[in-house]
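Worksheet: one structure, shown below.
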Amino acid sequence: MGQYEKHVFVCTGGKTCGSQESEATFNLFKNGLRDAGVAQTVRVNKSGCMSQCGHGPMVVVYPENVWYHSVDLPAAQRILTEHLLGGTPVQAHLYIAPPGDHKLNKE
Ligand code: FES
């Protein structure tokens, strides 16, 4: 059994997501979870690159292994309300790709 019911990772460290306001996405989750009183059971952390550069900001939720793309502030608000607090993943931002690297901007 893990320490948290859900563990959310927001890519903020990579070159691409880091330039797509992913810090604001992270802060929306962090503040929203705290304000909802669930910060002890739903954890959000910043992460480095997830090798999906160009699709971001990228977000992944464990243990469900649900990946999201293009998580701007409106998308983050929906994910917070509907998934992290409500339990239903947001279909419009699901990131579905075969396993592996899917960088749009190879560097
Ligand atoms: S910079 Fe976010 S997936 Fe690579």
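This structure is a prediction, so every number in the text was calculated from the model and none was measured. Every number for a ligand or one of its atoms is a count from 1 in the order of the listing.
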With hydrophobic residues grouped by side-chain heavy-atom distances under 4.5 Å, do L73 and V90 end up in a single group?
-> yes

Which word best sums up how the rings of Y95 and H55 line up, parallel for under 30°, tilted for 30 to 60°, or perpendicular for over 60°?
-> tilted

With a 3.5 Å cut-off and sequence neighbours excluded, list the donor-acceptor pairs that the side chains of residues 25-33 form with protein atoms.
unit_1 : atom_1 : unit_2 : atom_2 : d
T25    : OG1    : V71    : O      : 2.7
N27    : ND2    : E23    : O      : 3.2
N31    : OD1    : R34    : NH1    : 3.2
N31    : ND2    : N27    : O      : 3.2

Sidechain-backbone polar pair: T12 side chain, S22 backbone, donor-acceptor under 3.5 Å = no

Would you call the rings of H7 and F9 parallel, tilted or perpendicular, where under 30° means parallel and over 60° means perpendicular?
-> parallel

Parallel, tilted or perpendicular: which fits the ring planes of H93 and H69, with parallel below 30° and perpendicular above 60°?
-> tilted

Check each protein residue for a heavy atom under 4.0 Å from ligand 1 and list those that pass, ordered by chain and number.
-> C11, G14, K15, T16, C17, C49, M50, S51, Q52, C53

